[in-house]
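This report refers to the structure that appears directly beneath it.
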Amino acid sequence: MRREKSKRGHNLCKDVASLHLTSRTTPYEAVAMLHLQQTRRYSVLAAAPAAASGFMHDGQQPLDQWLATERQTVDKAARRSSTPSPPPRVLLTQGDAAFVEHADGRKEWIQQTEDDWRATLHGYLNKAAMKDDDASEDPTTIVKRALEDWREGHAVVLRGLLSPKAVAEVHACARDCLDGGWGTVRRRSVGLPDGSVFPQQTHARLSKHFRDQCPRAWAALWRGIAGVDWGTWPRFSGDAAVRSAFKQADYLLYQGGDSVGWHDHYGESLLFCVVLLSSDFEGGGFSYKPLDGGGAVDVALAAGGGVV
């Protein structure tokens with residue numbers, strides 16, 4: 001290493017010795033070099049103070065024995081460092097960056113790559129609940145109950161619309177989309193930012209195979225949506241018109257601070273439905289703004305429940 005300073009027009013150069021570990025230097029050679037430097041047998045520096053790492057030769061042992069002892073110390077440290085640690089926990093995301101907590105308690109911002117968030121999505125889908133319980137109420141009954149609480153200009157809340165088995169179909173479809181590469185999978189931002197936090201979420205478009213891979217979910221959804229449409233603000237002429245008007249199905253995953261900002265779908269769709277697919281999470285509140293200009297309305301949902 002060479003450090004150069006300029007002082008009053010004259011170059012004052014000073015060599016500084018340093019220890020470089022390269023692909024051709026073993027830890028044992030590094031220890032030996034450090035010993036030589038610290039005993040002034042190979043150094044342009046004054047004798048160094050005792051190293052905190054314990055690599056200082058005490059002069060009481062023959063050098064070969066001392067090096068053997070230090071070699072064992074290095075080997076133990078290498079084995080400890082090679083032990084795999086659990087993956088960090090994502091606490092917050094911001095754009096392509098994530099604030100994570102490591103197993104030892106350290107917290108830091110790291111830059112995420114496409115491989116990172118794809119791995120997160122894959123890990124979530126592998127653990128997603130895949131229940132075989134197909135018990136659910138008839139969508140007609142669910143819609144009838146929901147309309148009793150509905151007010152003009154507000155959304156309609158359909159509780160328990162999808163059975164656990166129907167929810168599992170959607171998770172399986174998203175996993176097939178990711179593994180099969182047949183739908184768009186990306187990180188995206190939707191809605192207005194909340195202060196300095198830009199809304200982000202992981203998005204998989206399932207439209208291509210949603211209806212054929214999720215028959216239970218699709219049947220419950222179109223029947224529920226058609227019932228809501230007919231009982232509130234009819235925009236379609238019957239069930240068949242609702243089914244043929246299907247545009248897209250998107251699977252969204254929110255992790256560690258992800259969110260979706262305030263937005264609307266004016267000009268994009270006549271009806272829009274959001275269904276919750278998870279139950280084991282923190283946060284995740286859902287709100288909408290009624291058409292009468294009133295304040296935001298919070299909706300508590302359970303897995304399988306939806307809002308139209």
- Task: Start with the C-alpha distance between Phe210 and Trp218, add both sets of side-chain angles, then the distance that settles side-chain contact (heavy atoms from CB on, under 4.5 Å), and finish with yes or no.
- Result: CA-CA 8 Å; Phe210 177 74; Trp218 170 235; 4.0 Å; yes
- Tell me, please, which residues at least two apart from His209 pass ring-ring contact (aromatic ring centres under 6.0 Å, His included). Trp182
- Item | Electrostatic pair Asp133:Lys165 at N-O distance under 4.0 angstrom | no
- Note on the structure: Contacts of Ser287 meeting side-chain hydrogen bond (donor to acceptor under 3.5 Å, both in side chains) (sequence neighbours excluded), chain-then-number -> Asp298
- If we only count heavy atoms from C-beta on, is the Asp176 to Gln213 side-chain gap below 4.5 Å? yes
- Message: Assigning hydrophobic clusters by single linkage (Ile, Leu, Val, Met, Phe, Trp, Tyr; side-chain heavy-atom cutoff under 4.5 Å), is Leu253 placed with Leu125?
- Response: yes
- Task: Decide, yes or no, whether a salt bridge links Glu137 with Arg145 under the criterion of side-chain N to carboxylate O below 4.0 Å.
- Result: yes
- According to a 4.5 Å side-chain heavy-atom criterion applied to Ile, Leu, Val, Met, Phe, Trp and Tyr, with indirect links allowed, do Leu276 and Leu162 form part of one hydrophobic cluster? no
- Query: With sequence neighbours excluded, what pairs up with Ala303 under the side-chain contact (heavy atoms from CB on, under 4.5 Å) test?
  - Reply: Ser279
- Report whether Val274 and Leu252 are members of the same hydrophobic cluster (ILVMFWY, side-chain heavy atoms less than 4.5 Å apart, transitive linking). no
- Item | Nearest heavy-atom neighbours spanning Pro139 and Leu161 | CB-CD1, 4.2 Å
- Applying side-chain contact (heavy atoms from CB on, under 4.5 Å) between Cys273 and each of Leu221, Leu158, Val228, report the one that passes. Leu221
- Message: I want to check something: taking the side chain as every heavy atom from C-beta on, are Met130 and Arg175 in contact at a cut-off of under 4.5 Å?
- Response: yes
- Partner residues of Leu147 under the side-chain contact (heavy atoms from CB on, under 4.5 Å) criterion, sequence neighbours left out: Val143, Trp150, Val156, Thr232
- Message: Can you tell whether the side chains of Arg187 and Asp116 come within less than 4.0 Å, N to carboxylate O?
- Response: no
- If you take all heavy atoms of Ser163 and Ala135, which pair is closest and at what distance? CB-O, 3.6 Å
- Among all residues two or more places apart in sequence or in another chain, which pass the ring-ring contact (aromatic ring centres under 6.0 Å, His included) test with His171? Tyr251
- Query: Hydrophobic cluster mates of Trp262, side-chain heavy atoms under 4.5 angstrom, ILVMFWY only, any path?
  - Reply: none
- Could I get the full list of side-chain contact (heavy atoms from CB on, under 4.5 Å) partners for Ser278, not counting sequence neighbours? Tyr124, Asp280, Phe281
- Message: Checking the side chain of Ser259 only, and the main-chain atoms of Pro199 only, is there a donor and an acceptor separated by less than 3.5 Å?
- Response: no
- Query: Hey, does the side chain of Ser269 reach the backbone of Phe272 with a donor-acceptor pair shorter than 3.5 angstrom?
  - Reply: no
- For residues Glu169 and Pro215, determine if any side-chain heavy atom of one lies less than 4.5 Å from a side-chain heavy atom of the other. yes
- Query: If Ile, Leu, Val, Met, Phe, Trp and Tyr residues are connected whenever their side-chain heavy atoms lie under 4.5 Å apart, and connections chain through other members, are Trp222 and Val167 in the same group?
  - Reply: yes
- Kindly say whether Leu270 contributes a backbone atom to a donor-acceptor pair with the side chain of Arg235 at under 3.5 angstrom? yes
- Message: Run the ring-ring contact (aromatic ring centres under 6.0 Å, His included) test against Tyr254 and tell me which residues pass, sequence neighbours left out.
- Response: none
- Backbone N or O of Phe236 within a donor-acceptor pair of the Asp229 side chain at under 3.5 Å? yes
- Task: Check whether any side-chain N or O of Lys208 sits under 3.5 Å from a backbone N or O of Cys177 as a donor-acceptor pair, and report yes or no.
- Result: no
- Message: Is there a side-chain contact (heavy atoms from CB on, under 4.5 Å) between Asp138 and Thr141? Walk through the geometry before answering.
- Response: CA-CA 5 Å; Asp138 184 271; Thr141 303; 4.0 Å; yes
- Please lay out, stage by stage, how Trp117 and Val185 fare under the test side-chain contact (heavy atoms from CB on, under 4.5 Å). CA-CA 10 Å; Trp117 56 257; Val185 181; 3.7 Å; yes
- Is there a path of hydrophobic side-chain contacts, each under 4.5 Å between heavy atoms of I, L, V, M, F, W or Y residues, that connects Leu121 with Val260? no
- Message: Whether the side chain of Asp258 engages the backbone of Gln255 through a donor-acceptor N/O pair (distance < 3.5 Å, no angle test) should be reported.
- Response: yes
- Message: Restricting to salt bridge (Lys or Arg N to Asp or Glu O under 4.0 Å), what partner residues turn up for Asp239, sequence neighbours left out?
- Response: none
- Query: How would you list, by chain and number, every residue that makes a salt bridge (Lys or Arg N to Asp or Glu O under 4.0 Å) with Asp292, sequence neighbours excluded?
  - Reply: none
- Item | Residues which pass ring-ring contact (aromatic ring centres under 6.0 Å, His included) with His263, listed by chain and number, not counting sequence neighbours | His265
- One should read off an interatomic distance between Trp233 CH2 and Leu291 CG, to the nearest 0.5 angstrom, of 8.0 Å
- Query: Quick one: NE2 on His203 to OG1 on Thr184, what's the gap to the nearest 0.5 Å?
  - Reply: 7.5 Å
- Could you check Arg188, Arg205, Gln201 and say which one makes a side chain to side chain donor-acceptor pair (under 3.5 Å) with Asp250? Arg205
- If we only count heavy atoms from C-beta on, is the Lys247 to Glu268 side-chain gap below 4.5 Å? yes
- Message: Assess the residue pair Thr120 and His122 against the criterion (side-chain contact (heavy atoms from CB on, under 4.5 Å)); give the C-alpha distance rounded to whole Å, side-chain angles, the decisive distance to 0.1 Å, and a yes or no.
- Response: CA-CA 5 Å; Thr120 299; His122 204 280; over 6 Å; no
- Heavy-atom closest pair, residues Pro290 and Gly295: CD-O, 3.3 Å
- Taking only residues two or more places apart in sequence or in another chain, which ones pass side-chain contact (heavy atoms from CB on, under 4.5 Å) with Val299? Val157, Arg159, Phe286, Tyr288, Leu301, Val307
